[in-house]
Number of protein chains: 2
Amino acid sequence: MASGCRVRYDLSVTETASSPLPAPQPTRSEASSDRVGSNSALQRSREAFISHWGEMGSSWGVPRSMAEIHALLFIEGRPMNADEIMDRLQISRGNVSTTLRQLADWGIVTRVRQRGDRKDYFEAEQDVWNLLSLIVRARKRRELEPLLAALEDAKSLASAPGDSDDPKAIKAHIARLDSMNDALKRLDRLSDRFIGRGGRGLDVAVRLLASLL
Amino acid sequence: MASGCRVRYDLSVTETASSPLPAPQPTRSEASSDRVGSNSALQRSREAFISHWGEMGSSWGVPRSMAEIHALLFIEGRPMNADEIMDRLQISRGNVSTTLRQLADWGIVTRVRQRGDRKDYFEAEQDVWNLLSLIVRARKRRELEPLLAALEDAKSLASAPGDSDDPKAIKAHIARLDSMNDALKRLDRLSDRFIGRGGRGLDVAVRLLASLL
DNA sequence: ATCTGATTTCAGAAGTTTTTGAAATCTCGG
DNA sequence: CCGAGATTTCAAAAACTTCTGAAATCAGAT
């Protein structure tokens, strides 16, 4: 569903001076042919995880690089700074900065301070149920709730004052809006409970259901 | 999150002859300013529903026009043919054809035959829980399952034969993959039950949970 | 077979989203 | 207050997705 394969870009920043990074770590390989970088089994497994997570993200409307950054932080399980992320994923500084801020807004990633280091470090939520609940919460707020509001609007629009529509048709129309509204509202309320307390709710509910069905 | 406002396009097809359509129905209005077309309360309400549904779709990775076509069929609640859809939504024949096929593949829309009419008509699933279960089913197959397989791969990659990685690190890494895998697998199995029987399962489960939590 | 209207296909156009990278801004230490 | 490094911003570029429309294909009627 897409290829990939970006080109390397210049790392030097603003000032003219050369920034003597501790040893510019060779890049990862993208897919086949040439391999560079540390290619231990562990590293290759991480790479696989990252790219599959990125893939999944992009089919769910999450920018690939956002999903990849998150995957990297999750799978490394330790705080990383922007430079490390840039090097590892081969994406630009601006992109990393913007994306980290968004992930932090969603609450999926936390900014941590490293003693005696001016850089910002970031680490990902490690509890998967917590992670899922954060995602659900964010999408619910950004997408489900506005849609519910819109459905209410559509409903009130339909029952406007004097007009020339067939009352039968109006009734059927409103019934359709209502059934959609009901279903989504139920999911909405349900997700409230699910995410009620730090993801544990989701976990519990899922176990519960699994046994009941 | 986007504008819209496409231009009208030529309706005439292949042959040179003029296709005398029964009266090219004026176009809908996009948002504000000029209004054309039938503007009854009912019509405006439908329009609102369609565009909000389209909006939502596009933030979930569904092409706007696909979401709109589905919304139109759902809210009209009757079989419609390609020409009606083109006129109403102002989208091209090719787009309509391709999209209808996809919706039909997902099972969200059904092709129905109208006696004595060579055209194909399409109608949308009217039961919302059924609809949701069809959507869940499709996404599960197309996205969740491949991801689960990929996680398994990543896991086996990590425990490859003789290599230089710290055994501690490998253990931690595998634990992470496992926790992700477990959570997603549980969701996966759960959705199986949910959609087990034509959407009713989903409905029942949701009611059940709502009362339990 | 042929004709006619409906449908599908697909290359290119249009539109949208994502990414880049360099300049602006911020922040801390001295 | 200045300098050095870190971060943010944002206009422009690249990449990707979706859409168009004309030509090809298909299918029923004659």
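Each chain gets a letter, A, B and so on, in the order its sequence line appears, and its residues count up from 1.
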In whole angstroms, the gap separating C1' of D:dA27 from CG of B:D117 amounts to 14 Å

To the nearest angstrom, the NZ-P distance between A:K119 and D:dA6 comes to 4 Å

Contacts of B:E145 meeting salt bridge (Lys or Arg N to Asp or Glu O under 4.0 Å) (sequence neighbours excluded), chain-then-number -> B:K140

B:M80 atom CE is separated from C:dT7 atom P, nearest whole Å, by 14 Å

What residues 69-79 of chain B contributes to the DNA chain C interface at heavy-atom separation below 4.0 Å is none

query: With respect to the phosphate group of C:dT18, does any side-chain polar atom (N or O) of A:S65 fall under 4.0 Å of OP1 or OP2?
result: no

Rounded to whole Å, the CZ-P distance (A:F122 to D:dA6) equals 14 Å

task = Tell me what B:D120 touches on the nucleic acid: a base, only sugar-phosphate, or nothing, going by heavy atoms under 4.0 Å.
result = sugar-phosphate

Applying side chain to side chain contact (heavy atoms under 4.5 Å, CB included) to A:D178 and not counting sequence neighbours gives A:K155, A:I174

side-chain hydrogen bond (donor to acceptor under 3.5 Å, both in side chains) filter on B:D153, not counting sequence neighbours, yields none

For A:T99, the side-chain hydrogen bond (donor to acceptor under 3.5 Å, both in side chains) test, sequence neighbours excluded, returns A:N95

Pair A:R78 + A:E84: basic N to acidic O under 4.0 Å | yes

From CD of A:Q90 across to C1' of C:dT19 the rounded distance in Å is 13 Å

To the nearest angstrom, the CZ-C1' distance between B:R64 and D:dC19 comes to 13 Å

Contact check, residues 106-115 of chain A vs DNA chain D, heavy-atom distance under 4.0 Å, returns A:R111

**Asked** Mind checking whether B:F49 and B:F74 have parallel, tilted or perpendicular rings, split at 30° and 60°?
**Response** tilted

Donor-acceptor pair, A:N81 side chain versus A:K119 backbone, under 3.5 Å?
no

Checking B:H70, B:R64, B:E68 against B:W53 for side-chain contact (heavy atoms from CB on, under 4.5 Å), the one that qualifies is B:H70

When you compare the protein's N or O atoms with those of nucleotides 9-11 of chain D, which come within less than 3.5 Å of each other, and at what distance?
{"from": "D:dT9", "atom 1": "OP1", "to": "A:R101", "atom 2": "NH2", "distance (Å)": "3.3"}
{"from": "D:dT9", "atom 1": "OP2", "to": "A:R101", "atom 2": "NH2", "distance (Å)": "3.0"}

Rounding to 0.5 Å, atoms CD (B:E125) and CG (B:L73) come to a distance of 12.5 Å

Rounded to whole Å, CG of A:N81 lies from C1' of D:dG5 at a distance of 13 Å

Sorted by chain and residue number, the side-chain hydrogen bond (donor to acceptor under 3.5 Å, both in side chains) partners of A:R44 (sequence neighbours excluded) come out as none

Which of D:dA4, C:dT20, D:dA29 is nearest the side chain of A:R118? It is D:dA4

* Asked: Just by modelled atom types, is the A:R176 backbone N or O under 3.5 Å from a matching donor or acceptor in the A:S179 side chain?
  -> yes

Rounded to whole Å, CD of B:E55 lies from P of C:dT16 at a distance of 12 Å

Contacts of B:D166 meeting side-chain hydrogen bond (donor to acceptor under 3.5 Å, both in side chains) (sequence neighbours excluded), chain-then-number -> none

Residue set satisfying salt bridge (Lys or Arg N to Asp or Glu O under 4.0 Å) with A:E152, at least two apart, ordered chain then number -> A:K185

Taken in chain and number order and not counting sequence neighbours, the residues that satisfy salt bridge (Lys or Arg N to Asp or Glu O under 4.0 Å) with B:R111 are B:D120

Students should find that the end-to-end axis angle of the helix from C:dA1-D:dT30 to C:dG30-D:dC1, with five pairs defining each axis and rounding to 10 degrees, is 20°

